[in-house]
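Shown next, in structure tokens, is the structure this report addresses.
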Amino acid sequence: MLKELCMLNGTSGDEGAVREFIIDNIKDYCDYRVDALGSVIAFKKGRKAPAKSVSFNAHMDEVGFIVTDVTDEGYLRFSTVGGIDSRVCLDRVVKIGKNGVNGVIGDKAAHLLEKEECEKAPEFDKLLIDIGATSKDEALKYVSLGDFVYFESDYYELANGFIKAKALDDRIGCMLMIELIKSDLEYDTTFCFNVQEEVGLRGSKCTSFAVQSDIAVILESTTAADLDGVSGSDRVCVLGMGPVISFMDRRTIYDKELYRLATDTAKQEGIKAQTKTAIAGGNDSGAIQSSGAGSRVLAISLPCRYIHSAASVVKQSDIDETRKLLKALLTKIYD
């Protein structure tokens, strides 16, 4: 299921293919509705009603690009949709629009760069997408202004249980929620598959007002910097050490009791788990926590290398440990 989800294109504001896949997989196991922005709100009946309402949340969208102009020579100008480092874009193959037109992100040839240009990352307004067109009129036969652009990337299983794909942020969270919906649950639970997280947590602002859960669990992916030459707290989190239970990031200070519950549960059950060693990133918790009457929030994330690129990497064992932690928490979080 993870491969199928990651291979779907779903940039913020264009999540339709991902939404259709999710609905097709959950429609026989729950009641659901799609809100005005395009998020899916699913209600799974459990064996009993909980004293406290609980929601699980993940986002459907991925980072990408959008076509903003076409040059006289037929190259496409573009802007980012979500946070992307320009260094991960050079020479990348991309797909444009509903017809999946092939393109390559290019820059000025290396031997023409000025010294100062060689010493810094390229600016996006200097990058162009080459689709092989020779004029503006020819390019506009195949693409339109406002077309979304996606990283072209396959799904690979690397050595030692590592997985490489695009959109692991946050198709992993979507997969885990689909699995929970298909399982037998002790308590009634709401699941929100949110849109437009990457451009300002927009979908979760709407679903959290609609749902107003007492407790919200956010299933995410988060940046790992456990690379050669990076040590100590700069690594943020480490692949192979289990899910990341956050106490704070740049958008949220998490509920201390829920944080302790998750960390204590992991320890008691012998489940690998970790927390971030730096205050970094953010997720839908930032909107959910402060919407309406507010919700107590807990984030459980998969450590992910090279996040927001065409070649993100996670480890299968971390997914397995996250499943164990969720199963254990489902017997405790409703108390």
Side-chain angles (χ1 to χ4, degrees), residues 1-12 14-15 17-18 20-22 24-25 58-65 80-96 100-106 129-130 148-179 193 197-198 219-230 235-244 272 274 281 300-324:
M1 186 188 296
L2 183 59
K3 179 179 179 179
E4 291 181 274
L5 280 163
C6 288
M7 294 300 291
L8 295 170
N9 290 326
T11 296
S12 308
D14 191 36
E15 301 93 345
V18 185
E20 289 176 14
F21 179 92
I22 290 169
D24 190 52
N25 275 271
H59 67 89
M60 293 188 277
D61 58 317
E62 64 188 282
V63 296
F65 313 94
T80 58
V81 179
I84 304 177
D85 189 323
S86 62
R87 291 173 294 180
V88 308
C89 297
L90 285 176
D91 304 326
R92 284 289 183 184
V93 177
V94 292
K95 293 280 189 183
I96 303 117
V101 174
N102 293 313
V104 177
I105 298 177
I129 298 175
D130 183 354
F148 287 103
V149 181
Y150 311 93
F151 283 122
E152 172 71 359
S153 175
D154 210 339
Y155 180 102
Y156 295 102
E157 294 183 359
L158 309 178
N160 299 309
F162 290 90
I163 297 168
K164 171 266 174 189
K166 73 171 181 69
L168 288 165
D169 173 22
D170 182 31
R171 304 292 161 72
I172 287 179
C174 293
M175 176 191 69
L176 293 170
M177 293 206 325
I178 292 170
E179 291 176 354
F193 297 87
E197 188 265 2
E198 300 291 2
L219 303 180
E220 256 286 10
S221 298
T222 192
T223 184
D226 55 335
L227 307 173
D228 187 40
V230 180
R235 305 180 84 185
V236 186
C237 57
V238 178
L239 271 66
M241 294 300 292
V244 179
K272 278 188 176 181
Q274 58 185 313
I300 300 173
S301 307
L302 266 292
C304 180
R305 293 177 189 155
Y306 327 121
I307 204 165
H308 287 194
S309 78
S312 298
V313 172
V314 297
K315 193 166 186 180
Q316 180 64 51
S317 63
D318 293 328
I319 300 175
D320 296 336
E321 293 298 296
T322 302
R323 288 189 178 109
K324 293 177 187 176

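For reference, positions follow the sequence shown, starting with 1.
- In this structure, Ala58 and Gly173 approach most closely via the heavy-atom pair CB-C, 3.5 Å.
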Give the C-alpha distance, both sets of side-chain angles, the deciding distance and a yes or no for side chain to side chain contact (heavy atoms under 4.5 Å, CB included) between Gln316 and Glu157. CA-CA 9 Å; Gln316 180 64 51; Glu157 294 183 359; over 6 Å; no
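- Considering all non-hydrogen atoms of both residues, Gly103 and Ile129 come closest at CA-CG2, 4.1 Å.
- Remark: Ile178 CD1 to Arg171 CZ distance equals 10.5 Å, nearest 0.5 Å.
- A side-chain contact (heavy atoms from CB on, under 4.5 Å) with Asp169 is found for exactly one of Ile307, Val314, Thr222, namely Ile307.
- At a cut-off of 3.5 Å, with distance as the only test, no side-chain donor of Glu15 or His59 sits close to an acceptor on the other residue.
- Contact of the Ile319 side chain with the Leu302 side chain is registered, since non-hydrogen atoms from C-beta on lie closer than 4.5 Å.
- Between Cys174 atom SG and Asn25 atom CG the span is 11.0 Å, to the nearest 0.5 Å.
- At least one side-chain heavy atom of Lys95 sits less than 4.5 Å from a side-chain heavy atom of Asn102.
- Between the side chain of Asp226 and the backbone N or O of Leu239, at least one donor-acceptor pair lies under 3.5 Å.
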Only pairs under 3.5 Å count here: list side-chain donor-acceptor contacts from residues 5-12, not counting sequence neighbours, and write none if there are none.
from  : atom 1 : to     : atom 2 : distance (Å)
Asn9  : OD1    : Lys166 : NZ     : 3.3
Ser12 : OG     : Asp61  : OD2    : 2.7

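- Taking each heavy atom of Gly240 and Asp318 in turn, the nearest pair found is N-OD2, 2.9 Å.
- Here the side chains of Ser153 and Lys164 are in contact, with some heavy-atom distance below 4.5 Å.
- A donor-acceptor contact shorter than 3.5 Å is absent between the side chain of Asp24 and the backbone of Glu20.
- Residues forming a ring pair (Phe, Tyr, Trp, His ring centres under 6.0 Å) with Phe151 (at least two apart in sequence, or on another chain): Phe65.
- Of all the heavy atoms in Leu168 and Ser221, the pair that sits closest is O-OG, 3.0 Å.
- Annotation: side chain of Arg305 is in contact with side chain of Leu227 (closest heavy-atom distance under 4.5 Å).
- To the nearest 0.5 Å, atoms OH (Tyr150) and CD1 (Ile96) are separated by 11.0 Å.
- Asp85 CG to Ser309 OG: the interatomic distance, rounded to the nearest 0.5 Å, is 10.0 Å.
- When atom types are taken as modelled, the side chain of Gln274 and the backbone of Gly242 share a donor-acceptor pair closer than 3.5 angstrom.
- A 4.5 Å side-chain heavy-atom check between Met177 and Leu219 finds at least one atom pair inside the cut-off.
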Please step through side chain to side chain contact (heavy atoms under 4.5 Å, CB included) for the pair Ile22 and Met60, ending with a clear verdict. CA-CA 9 Å; Ile22 290 169; Met60 293 188 277; 3.7 Å; yes
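- Annotation: side chain of Phe193 is not in contact with side chain of Val18 (no heavy-atom distance under 4.5 Å).
- Using a 4.5 Å cut-off on side-chain heavy atoms (C-beta onward), Thr80 and Val63 make no contact.
- Note that CD1 of Ile84 is 9.0 Å distant from CD of Glu62, once rounded to the nearest 0.5 Å.
- Here CE of Met1 is found 7.5 Å from CD of Glu4. Values are rounded to the nearest 0.5 Å.
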